[in-house]
Amino acid sequence: MKVCKFGGSSVASAEQITKIVDIVTSDQDRRIVVVSAPGKRAPDDVKVTDMLIECAQLALREKNYEQQLAALVERFAEIQRELELPFGIVAEIEKDLRFRLGGDKKHHGMFLDCMKAAGEDNSAKIVSQAFQARGVKAVYVDPHEAGMLLTDDFGNAQLLDESYQHLYKVLYGRDDIVVFPGFFGYTREGRIATFPRGGSDITGSILAVAVRADVYENFTDVDAVYPVDPQLVPAVTQGITAMTYREMRELSYAGFGVFHDEAVVPAVRAGVPINVRNTNRPEEQGTFILQSRRVEQGKVVGIASATGFCTLYVDKYMMNREIGFGRRLLQILEDENVSYEHMPSGIDNVSVIVHEKDFDAEREERVVRRIHAEMQPDDVMVQRGDALIVVVGEGMHYTVGMASKATTALSEAGVNIEMINQGSSEISMVFGVKTDQQARAVQALYQAFF
Ligand code: ASP
């Protein structure tokens, strides 16, 4: 049994939805279909989820949203017309959106999630009708009825473990094709909550684990996962055939856009292989993400990079002798609800790398003030505009010379390394550079390792 997830670009138009029906019906094992909200039809298009957010924000500010609402309804209406589905579905969608917009606005996050979820929910309803119109026995399944229970961290929800049993009962062993909306579930109180953005991947992974699927097929708009961002290195043509969960997690965490990093987690626990494939070229085998694979020593599988980091640098003479220094520093960040990404340290100094979006000027001011007051440092500095580059490969383990190859490549390209971090797992090396050197650094590393 296969669970197939189709991303935003695969449900963006009638033409794309027709491809979904073709792909699913071409293989009898494809029984469960998870869909995103309609995404971009062209590079300058707007995703339905972003349109919903805009509409919700207008409603929260008590502004007129009729124009935005009409544009949203039209996105779905276009699909309905082109697929020649019954008109009633568009009227239903409009009614649904108006109902959500009229909902309780006291808790902004809760209201926003309810609106955001409308993209996937209505997408699943339309896709199930597209199957039916082709004579396929398919049914939309409501995450509420299926028992998809999430925590009430609106916009950043996590699965409650008991959901697996509920989902198994509702989804396993059916004779129809299930079309399930991605991205959201329900809290115990019956409120809609969403995963982080891009979270339909997570839904697909959860369903694959719940029904113990043989494979979780993740359909997107590229032939494979590429070892490096083709926008930074256009010369890359060869996709990755197989990689491990650990490698994928490291790469997607550091900016690989193809697959949500949290979506690997459920699959890892149950050992369900993930297959990233292209809706537009289903004949391609895509990339397999597996528990283990044959590893060639010294081989790097991919290079990922992301911007938007900042470094909090603390210097204090004899820091190494001060027990609890690190704990107290991290406690200050914890009190401000800031999660840290890396923490390389020297004898008398430590750097904490955090996401810039979590560390605005006010937070920075409070954190720096507390560090001065509570830790008596010699110096505290915050540097913004950092990029992180991660070189990943199981084959790096126990291989001499990997770091030197990377640093040589960077130095020859004239890139200044601001930070290096290699965990003891030895499957990744992280380099911090200035954002304006990111592209050059990635290109140099690609040259060196591929
Ligand atoms: N539609 C949601 C987003 O744009 C979730 C997804 O597509 O996976 O983030």
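Whatever order the structure lists ligands and atoms in, that order sets their numbers, starting from 1.
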Original post:
Gly182: heavy atom below 4.0 Å from ligand 1, yes or no?
Top reply: no
Subject >> Any Gly119 heavy atom less than 4.0 Å to ligand 1 >> reply: no
Original post:
So, are Arg281 and Asp221 salt-bridged, with charged N and O less than 4.0 Å apart?
Top reply: no
Original post:
Taking the six-membered ring of Tyr186, is NZ or CZ of Arg191 closer than 6.0 Å to its centre and within 45° of its axis?
Top reply: no
**OP:** Please report the C-alpha distance between Phe6 and Val34 in whole Å, then the side-chain angles of each, then the deciding distance to 0.1 Å, and finally whether the side-chain contact (heavy atoms from CB on, under 4.5 Å) criterion is met.
**Re:** CA-CA 6 Å; Phe6 291 89; Val34 175; over 6 Å; no
**OP:** Go through ligand 1 atom by atom and flag the ones less than 4.0 Å from a non-hydrogen atom of Glu120.
**Re:** 1 (N), 2 (C), 5 (C), 6 (C), 7 (O)
**OP:** Taking only heavy atoms of Ser36 into account, list the atoms of ligand 1 that are under 4.0 Å away from them.
**Re:** 6 (C), 7 (O), 8 (O)
**OP:** Give yes or no for whether the N/O distance cutoff of 3.5 Å, strictly under, is met between Arg197 and ligand 1.
**Re:** yes
**OP:** Check ligand 1 against Ser200 and write out every atom of the ligand that is under 4.0 Å from a heavy-atom position of the residue.
**Re:** 5 (C), 6 (C), 7 (O), 8 (O)
Original post:
Under the criterion side-chain hydrogen bond (donor to acceptor under 3.5 Å, both in side chains), which of Asn280, Thr279, Asn275 is the partner of Arg277?
Top reply: Asn275
**OP:** Between Lys47 and ligand 1, find which residue part has any heavy-atom pair under 4.0 Å and reply side chain, backbone, both or neither.
**Re:** side chain
Original post:
Taking heavy atoms and a distance under 4.0 Å, where does His260 meet ligand 1: side chain, backbone, both or neither?
Top reply: neither
Original post:
How far apart are the C-alpha atoms of Leu150 and Thr187, what are their side-chain angles, what is the distance that settles it, and do they pass the side-chain contact (heavy atoms from CB on, under 4.5 Å) test?
Top reply: CA-CA 5 Å; Leu150 308 188; Thr187 66; 5.6 Å; no
**OP:** Could you walk me through whether Arg188 and Glu162 pass side-chain contact (heavy atoms from CB on, under 4.5 Å), step by step?
**Re:** CA-CA 11 Å; Arg188 281 195 214 280; Glu162 67 230 54; 2.5 Å; yes
Original post:
Is there a nitrogen or oxygen of Thr49 sitting under 3.5 Å from a nitrogen or oxygen of ligand 1?
Top reply: yes
Subject >> Separation between CG of Leu69 and CD of Glu94, rounded to the nearest 0.5 Å >> reply: 5.5 Å
